[in-house]
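Both ligands and their constituent atoms are indexed starting at 1 by order of listing.
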Amino acid sequence: MTITINSITAASTATLDETHDPARESWVPGANGHADFPIQNLPLGTFSRSGDMPRGGVAIGGMILDLAALAESSLLDGEALEAAGAAAGPSLNSMLALGAGPRRALRRQVSALLAKDAPERARVEALLVPMVEAAMHLPAQIGDYTDFYVGIHHATNIGSLFRPDNPLLPNYKHVPIGYHGRASTIRPSGAAVIRPRGQTKAADADAPSFGPAARLDYELELGIWLATGSELGATIPIAEALDHVAGLTLLNDWSARDVQAWEYQPLGPFLAKNFLTTVSPWIVTMEALAPFRRPQPPRPAGDPRPLPYLWDEADQREGALSLELEVHLSSAAMREKGIAPLRLSHGPASNMYWTIAQIVAHHASNGCQMQTGDLLGTGTISGPEQGSQGSLMEIAGNGKQPVELPTGETRAFLADGDELSLSGRFVAQGAVPIGFGECRGIVAPAR
Ligand code: MN
């Protein structure tokens, strides 16, 4: 079955099939019209109920379809059965390592089972777990985590705060900038954000001191999850890069700006970043994203053309995403008074100077071995105008223009008790919108 969703099919080689059909509805109560998880999404995660083993699941509305139970149900066959069986363990790594074919087969069979009028409804109903009864875990065991810096407006904004004369370094438009982060401190949404201690030195201080970071910030990013890797010494050609990607989550790269300012030269971020990274727990698969692929915005006139290993015409035609991002903040006092969270920023994810394929191809371009379950952060995604920046440091002008909260409190940086929440919604004409689910954390006092 071929579905034409307006102009999307003409521009895209991403595969659209019956699972993207906007007319398809689910029999699961609350799934149709669900902000994040209608039947067109079907993201993958790892969950447990109290006392039982973590295992793979698929989100549908406010429910989780248990993949371990589904694999034993005789409701699947072929590659889909193989994928569900591989997802029965405590991480999705084995399943992700199978690549896109089995993942797509599972998506199609699960979509059919969850679709309105599916004759298997009664048997599938018994395999659903309410999300409110489940704890979410990291979707995969993460071997390595790398954070990039592809948000050009963020790079310019932060650069001008740290280096007013020299905001965007000369390499930025030639090479996707990144640094190796820390996998051991990545947590799913909801984990406490313990304020880190660190060494800082104010510009007017004679000597550094050690104590709780005063300038705690967040960074709005996307997380790219690798399904399949590469051998040591091998590369990943850019035209094949997306075949290695399982899908995306939201990612919050919590940052201690006062620690960062003092430590980051000459080797880059270190303790200012590695105390915690929060991800949304559901991987929205590349298959689900097919209707939301967009042309990469053209490079501004005069910008250098990337070297051949970073350039692919097909990637330029569909390497960006039709994704709206938002950040909300609520202080402890706001939650006590029942005041709704304040939206700090909103904007499109189209401000990425490098595409996901360019990020992956670049990472492997020196022969670095990539592995199933590797997580790559895009870097903070900021828009060019006020209200669209992806960090508080940018919004509040490095502390000079604090944000006023509905309680009259002000924030130049995050305070203990603040809850910070990222959200994202894929929207395209003719497609049912889908989202990531929650990516939040509450700041706890330094220990
Ligand atoms: Mn970052």
Atom name in [X], limited to N/O/S, at shortest distance from the Mn ion (ligand 1):
{"X": "Asp253", "value": "OD2"}
{"X": "Glu219", "value": "OE1"}
{"X": "Glu221", "value": "OE2"}
{"X": "Asp147", "value": "OD2"}

Could Glu219 and Lys273 be called an ion pair, given the rule that one side-chain N must be under 4.0 Å from one carboxylate O?
yes
Begin from the C-alpha positions of His154 and Tyr149 and carry the test ring pair (Phe, Tyr, Trp, His ring centres under 6.0 Å) through to its verdict.
CA-CA 8 Å; His154 170 77; Tyr149 200 48; 5.7 Å; yes
Is the shortest side-chain heavy-atom distance between Leu42 and Phe37 below 4.5 Å?
no
Cation over ring, Arg299 on Trp354, under 6.0 Å and within 45°?
yes
